[in-house]
Amino acid sequence: MPTWVQVVYLLCAVGFILALKGLSGPRTARSGNLIGAAAAVVACVLPFVYVDRLEHVPLMLGAVAVGTVGGVLGARRVQMTQMPQMVALFNGVGGGAAALVALLELRHMTDAVGGGELPGFDLAATAFTIFVGSVSFAGSLVTFAKLQELMTSRPVTFPGLPALFALLLVGAIALSVVTVTDAALAWAVVLCVVGLVFGVLLVLPVGGADVPIVISLLNAFTGLTVAAGGYVLGNTVLLVGGTLVGSAGTFLTLLMARAMGRSVANIMFGALKGGSTLGGGVASDRPVRSAGPDDVGIVLAYASRVIIVPGYGLAVAQAQHTLRELVDLLLKRGIKVDYAIHPVAGRMPGHMNVLLAEAQVPYEQLIEMDDINGEFKHTDVVLVVGANDVVNPAAKTTPGAPIYGMPILNADEAHQIVFMKRSMRPGFAGIENELLFDPKTTLLFGDAKDSLAKLLKAVESL
Amino acid sequence: MTEGVVWLTIFVLSVFVGIEVISKVSSTLHTPLMSGANAIHGIILLGAILVTGTTESTFALIVGLVAIVLATVNMVGGFVVTDRMLQMFTRRKPARSPADTDGGAR
């Protein structure tokens with residue numbers, strides 16, 4: 001490899017560092033992402049320039065074109081509400097690609113030496129990439145299926161799962177050892193299959209609300225496989241890029257878990273211990289107080305302080321724009337209105353900010369949990385739109401509930417609470433919400449967009 | 001220093017850099033950051049090109065091309081979807097400091 005190529009690779013690696021740095025601040029995020037994209041493109045063009053006798057160039061360019069079309073279409077068409085599963089899918093295919101590259105590299109190595117001695121550490125890194133890449137691929141596809149609701153989003157467990165888990169892990173280690181000592185492709189393929197099964201079993205016991213944490217963790221896994229691949233190929237940009245994603249991704253996973261007040265271990269394996277007795281996921285038939293849009297409109301119009309708690313249901317109903325109109329109207333009447341943003345509102349930390357930004361809600365009106373929690377006591381009306389778990393007092397009062405320990409918005413301290421709900425079905429975590437039965441609470445049933453439009457009319461006519 | 005140790009050094013330093021550069025991220029940006037990091041590991045495309053471009057067997061070529069398609073989807077799709085998310089933040093003027101929120105919880 002010529003020196004200039006190595007220098008350009010180094011620059012690309014620096015580009016990735018700057019990209020992550022940029023992405024962690026709101027003002028620099030977009031340029032950071034572009035720097036990362038530029039570095040990635042430059043790094044991928046390089047082999048076409050410097051590698052002598054690079055073969056199959058037209059075919060490879062064709063494959064890149066196919067992938068580009070697929071990636072751009074997927075990324076452009078996906079609705080903002082479905083973004084978490086899109087990220088999962090992109091992560092999965094990346095892990096799959098890393099595993100395939102490692103399989104090919106193993107073949108190369110065995111061919112090149114022709115039965116001679118192979119460097120053990122290279123083989124170990126290859127085995128690692130094959131296994132973890134497969135885990136990431138299969139695991140990401142299951143997270144995709146859970147979030148897309150192609151399958152139940154509830155934790156799936158069965159007796160003997162922990163034992164099967166341990167068995168597969170031991171099997172994977174044994175197969176890795178065989179791959180290292182024997183360097184046989186057949187064993188590596190079996191290792192790949194074991195990885196796929198392991199990936200599925202790893203994600204099945206995780207409940208829907210926790211899936212984003214798993215995506216983040218698998219993201220870090222894929223990063224590490226890319227790093228191992230970079231070591232085997234002797235390529236610095238793969239090594240640095242992959243390691244950065246591995247470590248930053250792991251750290252980000254911990255940050256996210258902390259925002260939910262949970263430990264990563266509890267999220268991954270909590271269901272295996274058979275922890276929760278709650279979360280039957282059935283609608284309750286206890287009495288609640290409900291009202292029509294006109295009554296709720298009056299309550300809102302004559303309040304002096306209103307806090308909106310938006311949730312995923314708002315985004316599903318595509319009602320962000322109508323909500324913004326309602327808030328604008330209330331502001332015009334001189335009412336102080338803010339949005340209370342729970343760190344995990346939506347499906348992923350920070351997801352709600354993206355969804356509301358899409359509806360052009362001014363940044364200043366989005367108040368984060370810690371800053372607004374003290375204000376609920378002085379609030380006349382809290383309007384909960386399509387949220388549930390983030391205001392569920394069970395997080396404070398019911399040890400053993402799946403969300404116990406998660407910090408929540410103190411909506412229960414307000415003078416009056418209005419829940420906009422489609423039905424009495426529990427939230428994503430599948431736990432009944434005591435707040436719905438609170439005497440201060442009024443329910444407004446119906447599709448969020450429809451109800452908001454009616455509310456808007458009701459307030460306008462006052 | 002042997003070559004293995006050089007690689008180990010790069011690895012260990014990268015681990016610390018990776019943690020350090022994102023340690024101050026606000027919870028608002030968790031989703032785009034995850035997505036951006038996801039796009040960065042699409043760089044496995046480079047590995048796929050290097051491996052596929054030097055193979056002679058037809059079977060390996062097919063596997064390699066599949067890897068290239070998958071890696072490109074990861075890389076291109078990842079950066080595009082991240083940009084789409086971030087577009088929505090650009091119009092705003094952050095009034096408050098975005099820091100200090102990652103611990104959002106406790």
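Chain letters run A, B, ... following the sequence lines, proteins first, then strands; residues in each count from 1.
- Residue contact with chain B, scored on non-hydrogen atoms closer than 4.5 Å, involves the side chain of A:Leu233 exclusively.
- Contacts between A:Tyr50 and chain B at a heavy-atom distance below 4.5 Å involve the side chain alone, from C-beta outward.
- For A:Met83, the part lying near chain B is the side chain, with the backbone staying farther off; criterion is any non-hydrogen pair under 4.5 Å.
- Taken to the nearest 0.5 Å, the CZ atom of A:Phe90 stands 8.5 Å off from the OG1 atom of B:Thr82.
- The nearest pair of heavy atoms linking B:Ile49 to A:Cys44 is CD1-O, 3.8 Å.
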- Go through the steps for B:Leu50 and A:Leu54 under the test side chain to side chain contact (heavy atoms under 4.5 Å, CB included), then give the verdict. CA-CA 8 Å; B:Leu50 288 172; A:Leu54 192 71; 5.6 Å; no
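- In terms of heavy atoms, A:Gly94 sits closest to B:Ile44 at O-CG2, 4.1 Å.
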- Message: Checking B:Leu29 against A:Leu23 for the side chain to side chain contact (heavy atoms under 4.5 Å, CB included) test, could you report, in this order, the C-alpha distance in whole Å, the side-chain angles of both residues, the deciding distance, and whether it holds?
- Response: CA-CA 8 Å; B:Leu29 285 169; A:Leu23 277 165; over 6 Å; no
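- Residues A:Gly67 and B:Val73 share a closest heavy-atom pair of O-CG2, 3.5 Å.
- A:Ser247 contributes a side-chain N or O that, together with a main-chain N or O of B:Val15, makes up a donor-acceptor pair within less than 3.5 Å.
- With chain A as partner, the option from B:Gly36, B:Gly4, B:Ser57 having the largest number of non-hydrogen pairs under 4.5 angstrom is B:Ser57.
- Only the side chain of A:Leu239 has a heavy atom closer than 4.5 Å to any heavy atom of chain B.
- The contact between A:Val240 and chain B is made by backbone and side chain atoms together, counting heavy-atom distances below 4.5 Å.
- Neither the backbone nor the side chain of A:Thr250 comes within contact range of chain B, judged by heavy atoms closer than 4.5 Å.
- Chain A forms more heavy-atom pairs under 4.5 Å with one residue of B:Gly64, B:Gly78, B:Ala48, B:Ser14 than with any other, namely B:Ser14.
- Neither the backbone nor the side chain of A:Leu355 comes within contact range of chain B; no heavy atom of the residue lies under 4.5 Å from a heavy atom of that chain.
- With a threshold of 4.5 angstrom between heavy atoms, A:Arg76 approaches chain B through its backbone and through its side chain.
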- Query: Can A:Leu244 and B:Ile40 be said to form a side chain to side chain contact (heavy atoms under 4.5 Å, CB included), step by step?
  - Reply: CA-CA 9 Å; A:Leu244 286 174; B:Ile40 288 176; 5.9 Å; no
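- For chain B, the option among A:Val237, A:Leu73, A:Leu238 with the highest count of heavy-atom pairs below 4.5 Å is A:Leu238.
- The part of B:Met75 that comes within reach of chain A is its side chain, from C-beta onward, which places non-hydrogen atoms under 4.5 angstrom from that chain.
- Distance check, rounded to the nearest 0.5 Å: CG of B:Asn74 to CG of A:Leu89 gives 10.0 Å.
- The shortest side-chain heavy-atom distance between A:Leu103 and B:Val63 does not fall under the 4.5 Å cut-off.
- Two residues are said to be in side-chain contact when any heavy atoms from C-beta on lie closer than 4.5 Å; B:His30 and A:Pro212 fail this criterion.
- Minimum interatomic distance between B:Phe11 and A:Leu224 (heavy atoms only, all atoms of both residues): CE1-CD2, 4.5 Å.
- The environment of CD in A:Gln365 is crowded: more than 12 heavy-atom neighbours from other residues, nucleotides or ligands sit within 6.0 Å.
- B:Ala39 does not touch chain A: none of its heavy atoms, backbone or side chain, sits under 4.5 Å away.
- Nearest heavy-atom pair, B:Thr55 versus A:His56, reported as atom, atom and distance to 0.1 Å: O-NE2, 2.9 Å.
- Looking at A:Ala19, only its side chain comes within 4.5 Å of chain B, counting heavy atoms on both sides.
- Ranking B:Leu45, B:Leu61, B:Val66 against chain A, the residue ahead of the rest is B:Leu61, based on heavy-atom pairs under 4.5 Å.
- The distance from the CG atom of A:Leu34 to the CZ atom of B:Phe79 is 9.5 Å, given to the nearest 0.5 Å.
- Taking CE of B:Met34 as the start and CG of A:Asn91 as the end, the distance is 9.0 Å to the nearest 0.5 Å.
- Contact of B:Leu65 with chain A is made through backbone and side chain together, with heavy-atom distances under 4.5 Å.
- A distance-only check finds a donor-acceptor pair linking the side chain of A:Ser24 to the backbone of B:Val21 [under 3.5 Å].
- Between chain B and the options A:Val72, A:Thr68, A:Val45, the largest number of non-hydrogen pairs under 4.5 Å is found for A:Thr68.
- Rounding to the nearest 0.5 Å gives a distance of 10.5 Å between NZ of A:Lys21 and CD1 of B:Ile22.
- Among A:Thr222, A:Val41, A:Leu46, A:Val57, the residue with the largest count of heavy-atom pairs under 4.5 Å with chain B is A:Thr222.
- Interatomic distance, CE of A:Met256 versus OG1 of B:Thr31, reported as 5.5 Å (0.5 Å rounding).
- Residues A:Asn219 and B:Asn38 share a closest heavy-atom pair of OD1-CA, 3.2 Å.
- When the candidates A:Ala99, A:Ala102, A:Gly22, A:Gly234 are compared by the number of heavy-atom contacts under 4.5 Å with chain B, A:Gly234 comes out ahead.
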- Given side chain to side chain contact (heavy atoms under 4.5 Å, CB included), test B:Arg84 with A:Val78 step by step and report yes or no. CA-CA 10 Å; B:Arg84 240 187 98 192; A:Val78 64; 3.7 Å; yes
